[in-house]
S.K.: 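First the structure, then my questions, so here it is.
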Amino acid sequence: MTAVVELAKVTKEFPGGVLALRGVDLRVDTGELVAMVGPSGSGKSTLLNMIGTLDRPSQGQVRIAGYDVAQLSDHELSALRAQHIGFIFQQFHLADGVSALDNVADGLLYAGVARRERRRRAGEALERVGLADRLEHRSNQMSGGERQRVAVARAVVGEPSLVLADEPTGNLDTASGAEVLATLRNLNAAGATVVIITHDLEVAAAAPRRIHIRDGLVVADETSEAAGMGALR
Amino acid sequence: MTDRIGRARLTPARMTLEDVARVGVAGLRARPTRAVLSALGIAIGIATMVAVLGISSSSQARVMETLDELGTNMLTVAPGKQFSEKKARLPKNAARMIRGVEHVAMAGQTGDTGKAVYRNDRIPSTRTAGLQVRATSLDLLAVLRTPVRSGRWHDTATAAQRTVVLGSTAATRLAATAGDSVWINGQWWTVIGVLAESPLAEDVDVAALVGFAAADAFLGFDGHPTLVYTKIAEGKVTEVRALLNHAANPEHPEEVTVSRPSDALEARAAVAGAFTSLLLGVGGVALLVGGVGIANTMIISVLERRREIGLRRALGATTAQVRIQFLAESLIWPGRAGSPARCWEWPAPSGSR
Ligand SMILES: Nc1ncnc2c1ncn2[C@@H]1O[C@H](COP(=O)(O)OP(=O)(O)OP(=O)(O)O)[C@@H](O)[C@H]1O
Ligand SMILES: [Mg+2]
């Protein structure tokens with residue numbers, strides 16, 4: 001197995017002295033599905049931002065797909081994000097006044113895909129998350145759950161090798177949550193590495209590997225051989 | 001860089017021009033009002049500057065052109081202040097005596113007859129329209145270099161008849177041209193010509209000019225000139241100016257005023273210039289204030305779009321691509337600005353940011 005994510009002694013201190021991460025060591029291999037759990041404010045989102053190269057560590061080393069993030073130029077970092085990483089934000093971050101289809105198609109905007117092809121694949125991605133009938137809805141005309149699913153579709157439309165999801169089921173009812181998880185599971189089955197932050201214990205329990213975060217540290221890392229993805233609702 | 005060995009180099013994909021344009025348009029569509037207002041602000045500021053510069057430089061250029069054309073070597077001689085109650089007058093032969101002075105190239109004269117001119121006999125005598133009937137010497141036009149706009153100038157024959165040549169303003173106010181008749185001192189006079197504008201002798205513009213002989217015969221004019229226009233040899237103006245008082249009125253040189261009309265024009269041009277600088281200053285300040293305002297809006301719009309920038313970076317946009325997006329927005333505007341109204345056709349998003 002090759003490592004997709006390698007974190008060594010990663011710390012993050014925010015201006016104002018908040019120590020969000022205090023020396024995290026973490027390795028995630030290709031094709032893994034990992035659930036990240038922990039109390040609010042424990043540093044889960046901060047850690048996911050490190051993995052997604054959206055933020056740089058104060059100290060320590062972050063290697064994604066074998067690249068040392070500190071050594072990459074802005075250009076190379078952008079290419080890494082555009083071509084290898086799909087990010088689902090806790091707050092969706094959709095463009096208002098833009099249709100769901102175009103929001104999802106924007107996920108491929110910086111990957112060098114032609115517009116027609118972008119929209120075709122965006123349509124497919126929306127179908128996978130169960131929004132085939134909402135293609136032309138603007139993001140401000142959709143419910144929170146629908147928006148979250150659009151955000152998921154945008155993250156997976158480029159079929160990234162690393163999918164990072166910050167509470168993708170937080171706003172969803174059981175049925176829609178299951179659809180979103182099924183989408184992520186399918187990606188994982190196709191070879192993508194998936195990291196999910198969740199507060200839902202059932203979701204966490206169904207994942208083959210669970211990482212517990214507390215006060216900016218990995219406090220537990222359990223792998224249950226038995227729990228396959230099939231057990232995920 | 002060891003970690004890159006054996007790995008594909010990471011290169012971001014290029015955005016097509018169409019995509020850049022599309023993203024730019026989308027940014028504008030999201031905030032049409034702001035786009036219209038900032039474009040309007042810039043347009044008004046620039047238009048003001050251009051207008052101020054344009055108007056002032058053209059008016060100044062016109063004054064300078066006039067001066068070049070007419071020369072600055074004209075002096076006028078007029079009766080000046082007098083210490084006794086008697087009104088100062090130039091001697092009847094003032095022009096002839098002035099012509100005798102060395103370096104005086106030409107001298108023409110006019111005399112105020114004290115009569116008024118009317119379009120017809122039914123207009124009340126109080127309504128003179130600010131026009132005067134003046135007796136004129138035949139060489140006046142040559143001195144003033146004023147062309148005849150229509151009709152013709154006086155000759156020895158018409159100078160003794162009931163004929164007038166109108167100054168340009170007089171012709172406009174009377175609405176009369178060559179061939180018409182006007183009413184002077186209870187008689188009909190025939191207009192034989194109309195003059196063009198005379199920038200150095202505005203009193204000619206508002207005059208109805210008749211011959212000295214006719215003024216004597218029909219208007220009871222005493223024959224004393226009220227203004228002598230002289231043309232001095234180039235470069236001798238100051239020198240001659242000192243001699244003209246004596247030449248015009250040897251007995252009472254102190255009752256003679258000599259002036260240089262081009263000085264007034266130059267002064268006016270200078271004042272206009274100063275006024276222009278003032279306007280430019282005010283315009284500049286206005287532009288500056290406008291510019292600061294626009295910069296402020298821009299900063300706010302960037303701040304309020306941090307989230308969008310962050311998202312685009314997460315989707316894999318390079319810093320350069322984000323910059324290009326904003327650049328495209330600012331460039332696309334003028335392209336569509338041909339009809340600002342079109343902006344309102346764009347669907348405004350119902351949500352707010
Ligand atoms: N930009 C920032 N500036 C300063 N402090 C920050 C910033 N972002 C996060 N923090 C702090 O870092 C800590 C970890 O935040 P983080 O968002 O990672 O928590 P979390 O585990 O994702 O919580 P939640 O489950 O509520 O989303 C918090 O104490 C938070 O206040
Ligand atoms: Mg969080």
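As the structure is a computational prediction, the values presented were derived from the model and not from experiment. Proteins get letters first, then strands, A, B, ... in listed order; numbering begins at 1 in each.
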S.K.: Nearest 0.5 angstrom please: B/Arg307 CZ to A/Asp96 CG, how far?
M.R.: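 If I round to the nearest 0.5 Å, the distance is 6.0 Å.
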
S.K.: Taking ring-ring contact (aromatic ring centres under 6.0 Å, His included) as the test, write out the residues that go with A/His93, two or more places apart.
M.R.: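 Expected list: A/Phe89.
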
S.K.: A/Leu109 versus chain B, heavy atoms under 4.5 Å apart: side chain, backbone, both or neither?
M.R.: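 Both parts, backbone and side chain.
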
S.K.: Taking salt bridge (Lys or Arg N to Asp or Glu O under 4.0 Å) as the definition, give me every residue that meets it alongside A/Asp166, ordered by chain and number, with sequence neighbours left out.
M.R.: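 Result, salt bridge (Lys or Arg N to Asp or Glu O under 4.0 Å) vs A/Asp166: none returned.
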
S.K.: Which value, rounded to the nearest 0.5 Å, describes the distance between B/Leu311 atom CG and A/Phe92 atom CZ?
M.R.: 13.5 Å

S.K.: Is it true that, when you exclude A/Glu117 itself, more than 12 heavy atoms of the residues, nucleotides or ligands shown sit nearer than 6.0 Å to its CD?
M.R.: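 Above 12, so yes.
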
S.K.: What are the residues of residues 312-321 of chain B, in order of number, with any heavy atom under 4.5 angstrom from a heavy atom of chain A?
M.R.: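 The list, in residue order, reads B/Arg312, B/Arg313, B/Ala314, B/Leu315, B/Gly316, B/Ala317, B/Thr318, B/Thr319, B/Gln321.
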
S.K.: Pick one of side chain, backbone, both or neither for A/Asp106, based on which atoms fall under 4.5 Å of a heavy atom in chain B.
M.R.: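 Both backbone and side chain of A/Asp106 come within 4.5 Å of chain B.
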
S.K.: Check each atom of A/Leu80 against the heavy atoms of chain B and say whether the ones under 4.5 Å are side chain, backbone, both or neither.
M.R.: both

S.K.: Would the number of heavy atoms belonging to other residues, nucleotides or ligands and lying under 6.0 Å from NE2 of A/His75 be above 12?
M.R.: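 It does not: A/His75 NE2 has 12 such atoms or fewer within range.
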
S.K.: How far apart are the closest heavy atoms of B/Ala13 and A/Gln83, and which atoms are they?
M.R.: N-NE2, 4.1 Å

S.K.: In terms of heavy-atom pairs under 4.5 Å with chain B, which of A/Arg154, A/Gln91, A/His84 leads?
M.R.: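 Option with the greatest count: A/Arg154.
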
S.K.: Please identify each residue that fulfils salt bridge (Lys or Arg N to Asp or Glu O under 4.0 Å) with B/Arg173, with sequence neighbours left out.
M.R.: none

S.K.: CD of B/Glu197: more than 12 outside heavy atoms within 6.0 angstrom?
M.R.: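 Count not over threshold, so no.
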
S.K.: What I want to find out is whether A/Asp102 reaches B/Arg22 closely enough, with some N-O distance under 4.0 Å, to be called a salt bridge.
M.R.: no

